[in-house]
Every structure is written in C-alpha cells, then in structure tokens.
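Shown next, in structure tokens, is the structure this report addresses.
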Number of protein chains: 2
Amino acid sequence: MIETKEQIKSDNLTERLIEAIVNGEYPAGSKISEPELARVFNVSRGPLREAMMRVESLNLVERIPHVGARVVTLSLGKLAEIYAVREALEGMAANLACKHITDSEIATLEELLNRHQSHIEEVDGASYFYQQGDFDFHYLIIKASKNHQLIALLCDQLYHLIRMYRFQSPRSKSRPEKALYEHFAILNAIKARDPELAEMLMRRHIKSSRLLIENELLEE
Amino acid sequence: MIETKEQIKSDNLTERLIEAIVNGEYPAGSKISEPELARVFNVSRGPLREAMMRVESLNLVERIPHVGARVVTLSLGKLAEIYAVREALEGMAANLACKHITDSEIATLEELLNRHQSHIEEVDGASYFYQQGDFDFHYLIIKASKNHQLIALLCDQLYHLIRMYRFQSPRSKSRPEKALYEHFAILNAIKARDPELAEMLMRRHIKSSRLLIENELLEE
DNA sequence: AACAACCAAATTGTCAACAATCTTGTGTTT
DNA sequence: AAACACAAGATTGTTGACAATTTGGTTGTT
C-alpha cells in the first residue's frame with residue numbers, strides 16, 4: 001500500500017471541490033467559473049465539469065444552462081426541512097441499529113462517547129470539536145443499521161449538505177452536555193436492543209435541534 | 001412556446017439514458033460502452049460522460065475506474081431495503097401532506113382514484129396501467145408535503161430506481177383492488193387532516209409490499 | 001435622461017485527437 | 001495440459017481547440 005492515491009483526476013476533484021465548498025472556501029451564492037477552477041486545480045475543463053455534475057447532484061451547487069454554477073444559498077428554512085428528513089431517517093437508523101449492530105461497533109461507540117465526556121470536562125464549551133465527534137456518533141449508528149440504501153442517502157447524499165450548514169453557522173452551540181447526555185441515552189437503548197426506544201430518543205434528539213432552528217427562523 | 005426542446009445535449013442525454021435503463025433497453029448487469037452509446041445517441045463522448053456521472057449518482061449504473069460502467073444488478077434484498085426507506089419517508093410525506101395540501105390537490109387525488117376505480121372495474125386485472133397510476137398517487141402526496149428536501153430525495157433520487165425494479169419484475173401484481181382501497185383510506189385521512197392516521201396507513205400500505213418482497217426473498 | 005438595439009468579450013457546451021490503462025488472445029515454459 | 005508472460009487491440013481518462021450562447025457596455029434614438 002505504497003501508492004494508494006487515486007489516479008483519476010475527476011474523482012479526486014469531486015472530493016476536493018466538495019471540501020472547498022463545505023468549508024466555505026467558495027462562499028454561498030458565489031459563482032464558480034470553470035476556467036478559473038480548472039487553473040486553480042491544475043486540470044483541464046473536462047474532468048472539472050464531470051466533478052461539477054456530481055457536486056450538483058449533491059445539491060451543493062446550482063447550475064443554469066449557458067450561465068454557470070453557483071454555490072447554493074443557505075437558509076434556515078431549508079435547514080429545517082433537512083432536519084425534518086433526518087428525524088425520519090436517523091430514527092429509522094437507530095431502530096435498525098438495535099437489530100444489526102455488532103458488539104465491536106457498540107464498543108467503538110462507547111469509547112467515542114467517553115472521549116467526548118473527557119473532552120467536555122477538560123475544555124468546557126469547546127463545541128467545535130464536539131460537533132465533529134457528534135457527526136461520528138450519528139455516522140456510526142447509521143452505518144450500524146446495515147441498510148445500504150439508508151446509508152447512501154444519509155452519508156453520501158445529505159451528509160455534505162448538513163456539514164456545510166454547520167460549518168457556516170457555528171452559532172448552534174446547543175449545549176454539548178445536554179447532547180452528550182442524549183447520546184448516552186440513545187446508546188443505552190441500542191445496547192438494550194430496544195428499537196422503539198432508540199428510535200424515539202433519536203427522533204427527539206434531532207427534533208430539539210430542528211426546533212431551535214425553527215425558533216431562529218421565526219425571529220426574522 | 002414553439003421550441004421548448006432543451007438545447008443542452010448533456011441534459012437531454014441524462015433523461016434518455018435514465019429512460020433506456022429503467023425500461024430495460026440496457027439490461028441489468030450489462031456493460032455500457034461509451035463509444036457505442038455516443039454513436040447510438042449521435043453525440044460526442046464528452047456530454048455522454050457527463051450524463052453518465054449523473055446517472056451514476058442515481059445508483060442506476062456502477063462505474064469502475066478504467067474498466068467501465070455496468071447497469072446495476074437488481075436483487076430482492078436491495079429492493080426490500082429501498083421499501084424500508086420508502087416506508088419512513090413516504091410516511092413522513094403523508095403526515096406533512098395533511099398539514100400542507102391544498103384543496104385543489106385533494107381534488108386531483110380524488111379524480112385520480114376515481115379513474116383507477118373505473119379502470120379496475122372495466123378491465124379486471126390490468127395491473128400494468130394501475131402501477132403507472134399508483135406512482136402518480138404516491139408522487140402527488142409527496143409533492144403535497146411541500147418539504148423540498150423530501151421531494152428531492154423521493155422523486156429525484158429514489159423514483160427512477162423504484163421504477164426500474166417495477167418495470168423488470170412485473171410479478172408483483174399485489175391485488176389492485178386491495179391497494180386501491182388502501183389508497184382511498186389514506187386520502188380520507190389526509191382530507192380529515194389527521195397526520196398520525198395518514199402516516200400510519202401509508203406506512204402499513206408500503207410495508208405490505210415490503211413483506212411480499214421479503215417473502216419472495218425467503219423462498220430462494 | 002431614459003430606453004432600445006447592437007456589438008464585443010467572456011463563458012459555457014461540444015468535439016475530435018492523444019495518453020494511460022485494462023482486457024484478451026497468443027505463445028512459451030514447466 | 002496448466003500456468004504464466006507478453007503483446008496487440010480496445011476502452012477509458014484527459015486535453016486543447018472550436019462553436020454557441022449569455023452578459024455588459026456602447027451607441028444612437030426618442
């Protein structure tokens with residue numbers, strides 16, 4: 001495993017482009033120029049356009065024929081809609097995880113939450129790192145559901161979009177302690193192999209985030 | 001509106017390619033040759049590849065670098081997974097539809113079901129046309145949810161894949177009369193603006209299809 | 001000054017040729 | 001005869017140039 005680096009420019013490009021958009025290097029609403037990006041990434045326009053097609057189907061950019069592509073504009077309304085979908089899908093994931101999770105996956109989750117706890121106790125309020133780990137928690141449960149279609153939808157299709165929102169609105173601190181407590185409760189339900197409880201707790205967990213967003217929305 | 005035809009070859013191509021794959025013109029598992037398709041569609045390989053990228057992200061084909069693309073192979077297992085996801089998402093759609101559907105949309109749904117009833121009474125057992133209309137019913141309810149993310153996921157992302165499965169396994173007659181009866185029950189719940197009932201009925205409706213599939217799966 | 005028509009520059013869409021990689025058939029070796 | 005190595009052919013990945021369309025500014029008219 002000396003040279004594992006992907007040799008397909010188009011594929012690498014897709015990931016680099018996603019990363020650049022998600023972390024705000026290309027701000028929301030900004031135009032994306034093909035010749036310029038091709039120069040920046042040191043590629044021809046062919047592979048770049050192929051990458052753009054894929055990023056478009058992730059709903060990270062909007063393209064208008066003969067006009068060009070723009071990074072999608074964020075809005076609290078859209079975010080609330082995404083969280084509503086997450087509620088349904090991750091609830092389902094938690095339910096299925098109870099039935100299909102392995103002991104080793106449970107152990108991984110437990111270690112993860114313990115690390116989070118230590119981290120919160122040490123650096124009280126450092127919510128950035130927490131959010132990263134928060135993703136890991138949800139990510140692992142989704143994978144543990146073993147439903148490939150569900151995993152594809154959440155981890156491939158919605159993941160980057162959610163990440164982009166989080167990155168660009170770091171206001172949602174949402175009390176790490178409370179979230180961590182809820183995560184432990186969800187994990188316990190999964191360990192007890194209680195699908196209904198796990199689903200209910202996961203839905204409530206995400207719903208509380210959604211309600212925060214909708215409250216912000218009303219204040220406008 | 002004299003010339004509404006899309007002038008972007010790449011965009012048209014995507015739809016034509018989706019249609020060709022869905023209706024089995026290119027059978028499951030068959031290899032897709034870029035030079036050949038470019039000749040068939042009378043296009044250069046550039047736009048064709050862009051269309052392929054999009055079709056790939058719909059999970060209709062699988063691409064392996066430097067080897068080529070193949071139409072996805074169907075399996076009852078995958079289908080069951082998709083139906084499980086549908087259960088969660090369309091249940092949510094029915095719930096939201098109760099809150100956001102308009103009177104004119106209700107009227108459209110009512111007409112649709114009445115036409116189905118007449119059709120079933122006339123040509124007893126013609127399940128093919130029924131299935132087309134079945135899609136319309138689900139499609140309309142999804143749209144009525146007014147959650148754009150949900151609509152995108154179901155109508156753009158999963159729709160074609162489901163259609164492909166249906167097209168290639170017309171065994172699932174699944175008793176049109178029973179399904180129609182369930183559709184009426186769902187519509188009534190929506191008219192009564194009863195989200196919990198509508199969601200429950202929709203989930204049960206889809207679940208019965210999923211169980212049929214899982215039974216077939218066990219017989220193998 | 002306001003507005004419409006038009007032209008030029010830039011950008012997107014498309015193409016055909018070139019380079020890199022995989023597949024397949026042949027021949028050799030054990 | 002089976003297995004491996006190699007080479008020819010075909011296919012995919014990439015590039016740079018050309019064609020078509022939009023955009024923004026200029027000019028002329030009302």
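Chain A is the first sequence line, chain B the second, and so forth, proteins listed ahead of strands; every chain is numbered from 1.
Two residues, Arg45(A) and His66(A), neighbour DNA chain D, and the one matched to the more 5' nucleotide by heavy-atom proximity is Arg45(A).
When the C1' atom of dT12(D) is taken as reference, atom CE of Met52(B) falls 10 Å away, rounded to whole Å. If you measure from atom CG of Leu48(B) to atom C1' of dT14(D), you get 16 Å, rounded to the nearest angstrom. Met53(A) places its CE atom 9 Å from the C1' atom of dG13(C), with the value rounded to the nearest Å. For the pair Arg49(B) CZ and dT12(D) C1', the interatomic distance rounds to 6 Å; values are reported in whole Å. Atom-to-atom, CD of Glu50(A) to P of dT12(C) comes out at 16 Å; the value is rounded to the nearest Å. Nucleotide dG13(C) holds its P atom 8 Å from the CG atom of Asp11(B), rounded to whole Å.
Counting non-hydrogen atoms of neighbouring residues, nucleotides and ligands closer than 6.0 angstrom, the NZ atom of Lys78(B) exceeds 12 such neighbours. By the 6.0 Å contact criterion, CG on Asn215(A) is enclosed, its count of non-hydrogen atoms from other residues, nucleotides or ligands being greater than 12.
Arg203(B) CZ to Asn95(B) CG: the interatomic distance, rounded to the nearest 0.5 Å, is 10.0 Å.
Using cut-offs of 30° and 60° on the angle between ring planes, the pair His205(B) and His138(B) is parallel.
Partner of Leu140(A) under the side-chain contact (heavy atoms from CB on, under 4.5 Å) criterion, chosen from Ile101(A), Ile106(A), Thr108(A): Thr108(A).
Applying a 4.0 Å cut-off to non-hydrogen atoms, the residues of residues 27-44 of chain B that approach DNA chain C are Val43(B), Ser44(B), listed by residue number.
Within the 4.0 angstrom heavy-atom criterion, only backbone atoms of the sugar-phosphate kind lie near Pro47(B); the bases stay farther away. Within the nucleic acid shown, Gly46(A) comes within 4.0 Å of at least one base atom, counting heavy atoms only.
Using a cutoff of 4.0 Å between basic side-chain nitrogens and carboxylate oxygens, Arg54(B) and Glu50(B) are not scored as salt-bridged.
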